[in-house]
There are 2 protein chains.
Amino acid sequence: MRDGGWEPRRLAAVAVALPDGVTPSGTRGRILHAALGLFAEWGFHGTSIRKIGAAVGINSATLYAHYPSKEQVLADLVQIGHAELHHRLTEAVRAGGAPAERLAALMRAHVLAHTDFPLLSVVTNSELHALSAELAAPALALGVASERLLLDVLAAGIEDGSFDLPDVRLAARAIGGMGQRVGNWFGPDQPHTRTQVAEAFVSFALRIAGITTPIPPA
Amino acid sequence: MRDGGWEPRRLAAVAVALPDGVTPSGTRGRILHAALGLFAEWGFHGTSIRKIGAAVGINSATLYAHYPSKEQVLADLVQIGHAELHHRLTEAVRAGGAPAERLAALMRAHVLAHTDFPLLSVVTNSELHALSAELAAPALALGVASERLLLDVLAAGIEDGSFDLPDVRLAARAIGGMGQRVGNWFGPDQPHTRTQVAEAFVSFALRIAGITTPIPPA
DNA sequence: GTCTATACGACGATAGAC
DNA sequence: GTCTATCGTCGTATAGAC
């Protein structure tokens, strides 16, 4: 076997961060933070409970006083990630407005969720396959609900004639996809602020929907 | 530990496929195909050489008569994936033409590469972190070259005034990102053909660049 | 080239002292 | 709640017969 050397990252060098309010305190919270950084970098199966323990400064066995399994730690992270995104998206469209306004608000919220918690978005989007069906189900349901918000706004814009799109599904894939990848590259080593990225992507989403918009200079 | 049950996929149900010409024949090729399917579904660290052997119908130890390590199998797959994409993108812009034509050709080639080899694109994009720096380097270089093709076309369109974009980097992130995720959802269980997806995404890319285009009905 | 057998370290998880 | 110690399993990889 190799290992011991360095491996290339799949994300920018960013600090480990979790949303306020939902993160447990004490050792339980420190385990969650450490696992987030390690899962984002090495993947779930590439991270051992011994490495998590070392990062926290506890013995690996102590983890089991706080979580029933390593898998449950991932399940909590994935749930927090999907819940945070769904909460932000719901808030974004709560004010209502024309479809173009709601699409802009959705895209803005989506991008900012990924710039504010890039590691969480990477883990949430790319480690879900490591969860059993039972543990993944709650997060998957939230993901479906989040996708629904975008599909509904696109359908509304087609309905009232403000969008120029023959089909909502492919547009939703494109808009969702370009937002989802933000967590993989956003970080201090690139030149744009979170707001610049968000406003640029808002313009891109509106353009995809068939509305010509100026794009704010980055 | 759990396991034994089913786990959610991170991709659509698609057949395992590799590009013609570059894939080795015989047992070596069958190992590559089996590993592609397993890595795409379970990730590199979630796949054991015993599972690969079982999928091929050989003993796990026989793998080492064809590859020096499990990691080298992944390295070969990632290299094939990046090489295939880079080849197609290079061919797409070889004919030249106006920036809008070249952008359309690039996006079309990018999407079709991901619809034709979705598993390969998933492994290439999301398992690179499991490779050592040395084994990842050749593929990374190809990835940088592929990104360069897109950046150059966007810059040319701004230069000659045909594109309306203040900054090429964010547009490249958006256009590249929406294409990269195609491999995660394209498959027989969704209603669009590869051509429909490609033409829709071509229109999206042109719209992002600031060119108003009709989108072909899906 | 493929097999059987196995080395041997790392894995997730548990037991039990404090 | 944290530790030490350890269990049983599975990991990658090798040796050597055929």
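Naming: A, B, ... by sequence-line order, numbering from 1 per chain.
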query = For B:Q72 and D:dA13, what is the distance between atoms CD and C1' respectively, to the nearest whole Å?
reply = 15 Å
query = Has A:T27 got a side-chain N or O lying under 4.0 Å from the OP1 or OP2 atom of D:dT2?
reply = yes
key: Rounded distance in Å - CD1 (A:I49) to C1' (D:dT4)   = 14 Å
remark   = Here the distance between atom P of D:dG11 and atom CG of B:L74, to the nearest Å, is 17 Å
task = Answer with base, sugar-phosphate or nothing: what part of the nucleic acid does A:T62 contact at a heavy-atom distance below 4.0 Å?
result = base
key: Donor-acceptor contact below 3.5 Å, side chain B:E71 vs main chain B:S132   = yes
request  = Could you check which of D:dG1, C:dG12, C:dG1 has an atom nearest any side-chain atom of A:R50?
outcome  = C:dG12
query = How close or far is atom P of C:dT14 from atom OH of A:Y67, stated in whole angstroms?
reply = 17 Å
query = Between C:dT14, C:dA13, D:dA13, which one does the side chain of A:A61 approach most closely?
reply = C:dT14
task = Round to a whole Å and report the spacing from CG of A:L63 to P of D:dT4.
result = 15 Å
task = Pick base, sugar-phosphate or nothing for A:S60, based on heavy-atom distances below 4.0 Å to the nucleic acid.
result = nothing
ask   = Could you walk me through whether B:S121 and B:Q180 pass the side chain to side chain donor-acceptor pair (under 3.5 Å) check?
value = CA-CA 8 Å; B:S121 84; B:Q180 270 184 346; over 6 Å; no
note = Distance col, row B:E84:CD vs B:H114:NE2, nearest 0.5 angstrom, shows 11.0 Å
Gap between atoms NZ and C1', on B:K70 and C:dA10 respectively (whole Å) = 13 Å
task = Go through the structure and list residues passing side-chain contact (heavy atoms from CB on, under 4.5 Å) with A:S146, not counting sequence neighbours.
result = A:H86, A:L89
message = If we ignore hydrogens and angles and just use 3.5 Å, is the side chain of A:E199 paired with the main-chain N or O of A:P216 as donor and acceptor?
response = no
query = Where the side chain of A:N59 is concerned, which of D:dT4, C:dG12, C:dT4 is the nearest nucleotide?
reply = D:dT4
inquiry  = Cation-pi check for A:F201 against A:R108: NZ or CZ below 6.0 Å from the six-membered ring centre and within 45 degrees of the axis, yes or no?
reply    = no
inquiry  = Please check: side-chain N/O of B:R181 versus main-chain N/O of A:G177, any donor-acceptor pairing under 3.5 Å?
reply    = no
ask   = OP1, OP2 of D:dT2 versus side-chain N and O of A:H66: anything below 4.0 Å?
value = yes
message = Without decimals, in angstroms, what is the distance between B:I52 CD1 and D:dC10 P?
response = 17 Å
Give each protein N/O atom lying under 3.5 Å from an N/O atom of nucleotides 16-18 of chain C, with the pair distance.
none

query = Would you say the side-chain atoms of B:K51 pair up with the backbone N or O of B:G46, donor to acceptor, closer than 3.5 Å?
reply = yes
task = State whether A:S48 places a side-chain N or O below 4.0 Å from either non-bridging phosphate oxygen (OP1 or OP2) of C:dA10.
result = no
Any A:L165 side-chain heavy atom under 4.5 Å of A:L170 side chain = no
note = Terminal axes of the helix from C:dG1-D:dC18 to C:dC18-D:dG1 (5 end pairs apiece), angle rounded to 10 degrees, sit apart by 0°
query = Can a cation-pi geometry be assigned to A:R194 and A:F186, taking NZ or CZ under 6.0 Å from the six-membered ring centre and within 45° of the ring axis?
reply = no
task = Please determine, for the side chain of A:Y64, which listed nucleotide (C:dT14, D:dT4, C:dT2) has the closest atom?
result = C:dT14
remark   = B:I58 CD1 to C:dC3 P, in whole Å, measures 7 Å
